[in-house]
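Okay, structure first, notes after.
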Protein chains: 2
Amino acid sequence: MEYNSPYVPPTLTVDAVIFQLNDNKLEVLLVNRQSEPFKGSWALPGGYNAEGETTLEALKRVVAKKTGVHIIDDLSYVEQLYTFDTVARDPRGHAVSVTYMGCGQGVNKHITESNVKFYPVDSLPELAYDHAEIIKYAHQRLNAKLTYTNTVYAFLPKTFTLTELQLSYEAIMGRPLDKRNFRKKIISLGLINKTDKMRRDGAYRPAHLYEFRTPSLEYLTRSLD
Amino acid sequence: MEYNSPYVPPTLTVDAVIFQLNDNKLEVLLVNRQSEPFKGSWALPGGYNAEGETTLEALKRVVAKKTGVHIIDDLSYVEQLYTFDTVARDPRGHAVSVTYMGCGQGVNKHITESNVKFYPVDSLPELAYDHAEIIKYAHQRLNAKLTYTNTVYAFLPKTFTLTELQLSYEAIMGRPLDKRNFRKKIISLGLINKTDKMRRDGAYRPAHLYEFRTPSLEYLTRSLD
DNA sequence: GCAAAAGTGTTTGGGATACACCCATGC
DNA sequence: GCATGGGTGTATCCCAAACACTTTTGC
């Protein structure tokens with residue numbers, strides 16, 4: 001094949017699983033399909049990868065066009081997830097999809113299209129293709145990553161309270177954490193610095209604000225779980 | 001692009017990083033290139049992925065043809081690694097390569113081609129493309145995987161002694177482990193069973209033989225490091 | 001003074017680490 | 001009996017887990 005037959009590559013596509021936290025619920029960005037196949041179903045934002053562009057370039061182009069979200073400017077963390085190749089994305093033939101996972105804060109504010117929406121991961125609508133599987137895979141990866149890296153930073157604003165940080169962990173991991181143990185551990189890990197600002201939120205005792213020492217991916221010395 | 005221009009996908013290729021242990025050294029399977037580009041350099045076994053075959057099917061076909069190794073029959077573990085897309089694999093244009101990692105025992109016995117050889121990972125020859133980077137990535141992944149799964153099983157024969165098991169870990173992780181602590185931990189993890197057989201190896205005290213309880217991927221309850 | 005969220009310490013158990021000697025065999 | 005690799009136990013330290021009350025503020 002490599003030597004004599006004319007080489008025909010499969011279709012190459014890219015898809016993004018974009019997470020944000022809203023109201024302490026983990027949400028995924030979905031697009032309502034306006035055309036066949038799967039017209040009317042919800043799908044991950046994605047599209048074709050042409051010759052001459054990298055998968056990340058293709059993703060940037062395609063996600064911006066379909067949703068208004070810029071995966072570089074509007075997200076705090078992006079990583080390649082997995083390449084799925086068992087799906088007939090298009091009735092005409094076999095397609096290979098390189099998927100990415102991204103996390104950000106307030107990403108919904110960048111949506112420009114009316115058929116685009118964040119859905120909570122635990123109440124997803126009917127999904128096109130194998131996108132349910134891809135989201136599940138991404139969620140697992142995110143969960144694992146939370147326990148041995150500082151990935152949460154991607155979901156939080158620049159400053160935040162310890163309670164907000166704990167609620168973020170709880171939302172993504174899907175289980176409650178002990179308040180005192182959580183604070184002890186997070187502080188002993190040295191991931192965050194206390195700022196000298198406070199937040200007077202509603203009407204009660206103000207909370208200290210913290211910031212991440214390094215708002216970029218770091219591996220933890222001890223795992224958090 | 002998705003709508004009007006004629007769609008031209010990039011070239012799609014697959015590459016395999018196949019590990020084995022030999023003489024307690026971690027080795028990678030390499031192919032000496034007989035043609036341009038990179039003629040004379042060593043490269044990972046790989047090739048083109050045509051339309052209509054999955055990446056794993058393409059890999060199976062290509063690796064068997066170039067080396068004689070059957071990635072399903074001759075390896076104990078295979079997983080997808082990462083998709084690299086920044087490389088001009090071919091002077092003619094941009095190529096995307098889906099890479100896999102595989103591990104086996106005595107894989108060298110299946111080599112049928114004279115330009116194919118296992119090299120120790122710590123003394124690799126001049127490598128084609130970005131294959132040095134891919135091997136480094138695979139080695140890191142393997143290392144991480146060893147600490148939270150039972151992946152070592154893929155490198156060992158059906159029965160083995162505790163010393164052999166320890167030496168395997170040490171070879172892959174690249175550092176010595178304490179003998180008593182290692183045995184305590186491995187046994188307490190319940191990954192292996194003691195068989196009633198012994199091995200009289202050279203001429204000294206015979207060693208008990210062990211086997212893996214489950215010779216397939218499992219996640220450890222406590223991490224090994 | 002009361003409602004609401006912020007903040008704070010101690011005890012206990014288990015696993016990780018460090019460390020050195022005796023045992024079984026073939027020659 | 002000796003050379004070689006196989007096999008074993010204990011003490012310490014640190015981290016994880018469990019657990020409840022006081023403080024600060026606005027009203």
Side-chain angles (χ1 to χ4, degrees), chain A residues 23-24 143-144 146-150 156-157 159-171 173-211 219-225, chain B residues 21 23-24 143-144 146-150 156-157 159-171 173 175-211 219-225:
Chain A
D23 197 20
N24 293 318
N143 245 293
L146 271 193
T147 70
Y148 64 87
T149 70
N150 66 344
L156 287 158
T159 61
F160 48 87
T161 68
L162 289 182
T163 300
E164 284 168 348
L165 181 58
Q166 182 177 347
L167 288 171
S168 300
Y169 269 106
E170 290 177 341
M173 305 212 279
R175 65 196 163 84
L177 299 171
D178 179 87
K179 186 169 158 187
R180 281 172 292 187
N181 291 340
F182 176 77
R183 287 167 182 235
K184 250 181 302 178
K185 181 131 187 190
I186 279 291
I187 286 162
S188 78
L189 284 172
L191 293 180
I192 55 174
N193 295 327
K194 194 187 255 185
T195 71
D196 50 5
K197 291 181 203 147
M198 309 272 287
R199 167 175 309 161
R200 268 177 304 288
D201 208 0
Y204 309 112
R205 175 172 179 175
H208 285 96
L209 287 172
Y210 289 76
E211 63 189 2
Y219 290 81
L220 307 186
T221 52
R222 312 196 308 279
S223 89
L224 192 140
D225 52 352
Chain B
L21 284 176
D23 196 20
N24 293 316
N143 246 292
L146 271 194
T147 70
Y148 64 87
T149 69
N150 65 345
L156 287 158
T159 62
F160 50 86
T161 67
L162 289 180
T163 301
E164 285 168 347
L165 181 59
Q166 183 177 345
L167 288 170
S168 300
Y169 270 106
E170 290 178 338
M173 305 213 277
R175 66 195 164 83
L177 300 170
D178 179 87
K179 187 168 155 184
R180 279 172 292 186
N181 291 339
F182 175 79
R183 288 169 180 233
K184 250 182 303 179
K185 182 132 187 191
I186 279 291
I187 286 164
S188 80
L189 283 171
L191 293 181
I192 56 174
N193 295 327
K194 194 187 254 187
T195 70
D196 49 6
K197 291 183 206 148
M198 310 270 286
R199 168 175 307 161
R200 268 176 303 289
D201 208 2
Y204 309 112
R205 175 171 178 176
H208 284 97
L209 287 172
Y210 288 76
E211 64 188 2
Y219 290 81
L220 306 187
T221 51
R222 312 197 309 280
S223 88
L224 191 141
D225 52 353

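Chain letters run A, B, ... following the sequence lines, proteins first, then strands; residues in each count from 1.
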Review point. Under a criterion of less than 4.0 angstrom to any heavy atom of chain A, what are the 5'-terminal and 3'-terminal contacting nucleotides of DNA chain C?
Key: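 It runs dA3(C) to dT10(C).
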Practice item. Apply salt bridge (Lys or Arg N to Asp or Glu O under 4.0 Å) to Arg200(A) and list each qualifying residue two or more places apart in sequence or on a separate chain. Key: none
Separation of [X] atom [atom1] from [N] atom [atom2], in whole Å?
X: His208(A); N: dT23(D); atom1: NE2; atom2: C1'; result: 12 Å
X: Arg222(B); N: dC15(D); atom1: CZ; atom2: P; result: 17 Å
X: Leu177(A); N: dA17(D); atom1: CG; atom2: P; result: 10 Å
X: Lys194(B); N: dG6(D); atom1: NZ; atom2: P; result: 14 Å
X: Phe182(B); N: dT8(D); atom1: CZ; atom2: P; result: 14 Å
X: Ile187(B); N: dG9(D); atom1: CD1; atom2: C1'; result: 13 Å
X: Ile186(B); N: dG7(D); atom1: CD1; atom2: P; result: 14 Å

**Study point:** Closest to side chain of Lys184(B), choosing from dG6(D), dA20(D), dT10(D)
**Key:**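 Among dG6(D), dA20(D), dT10(D), the one nearest the side chain of Lys184(B) is dT10(D).
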Review point. Which nucleotide in the set dG6(D), dC19(D), dA3(D) lies at the smallest distance from any side-chain heavy atom of Lys179(B)?
Key: dG6(D)
Check your understanding: What distance do Ile186(A) atom CD1 and Lys184(A) atom NZ have between them, rounded to the nearest 0.5 Å?
Key -> 13.0 Å
Check your understanding: At what distance, to the nearest 0.5 angstrom, does OG1 of Thr195(B) lie from OH of Tyr210(B)?
Key -> 8.5 Å
Within the structure provided, determine whether [X] and [Y] are in side-chain contact (heavy-atom separation under 4.5 Å).
X: Leu177(A); Y: Tyr169(A); answer: yes
X: Leu189(B); Y: Asn150(B); answer: no
X: Leu224(B); Y: Met173(B); answer: yes

Exercise for review: Could you tell me whether Arg183(B) contacts a base, only the sugar-phosphate backbone, or nothing, with contacts defined as non-hydrogen atoms closer than 4.0 Å?
Suggested key: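 The answer is base, as Arg183(B) lies within the cut-off (heavy atoms under 4.0 Å) of a base atom.
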**Study point:** Position toward the 5' end of DNA chain C (nearest nucleotide), Asn181(B) or Thr161(A)
**Key:**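 Residue closer to the 5' terminus by nearest nucleotide: Thr161(A).
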Check your understanding: Closer to the 5' end of DNA chain D via nearest nucleotide, is it Tyr204(B) or Met198(A)?
Key ->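 By nearest-heavy-atom nucleotide position, the 5'-most residue is Tyr204(B).
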Exercise for review: Determine whether any donor atom in the side chain of Arg180(A) lies under 3.5 Å from an acceptor atom in the base of dC19(D), or the reverse, and answer yes or no.
Suggested key: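 Answer is yes: a donor-acceptor pair is held.
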Review point. Got a sec, which residues hit side-chain contact (heavy atoms from CB on, under 4.5 Å) with Leu167(A), two or more places apart in sequence or on another chain?
Key: Asn24(A), Thr163(A), Glu170(A)
Point to revise | Side-chain N,O (Thr163(B)) to OP1/OP2 (dG6(D)) below 4.0 Å | key: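 Yes, such a contact exists.
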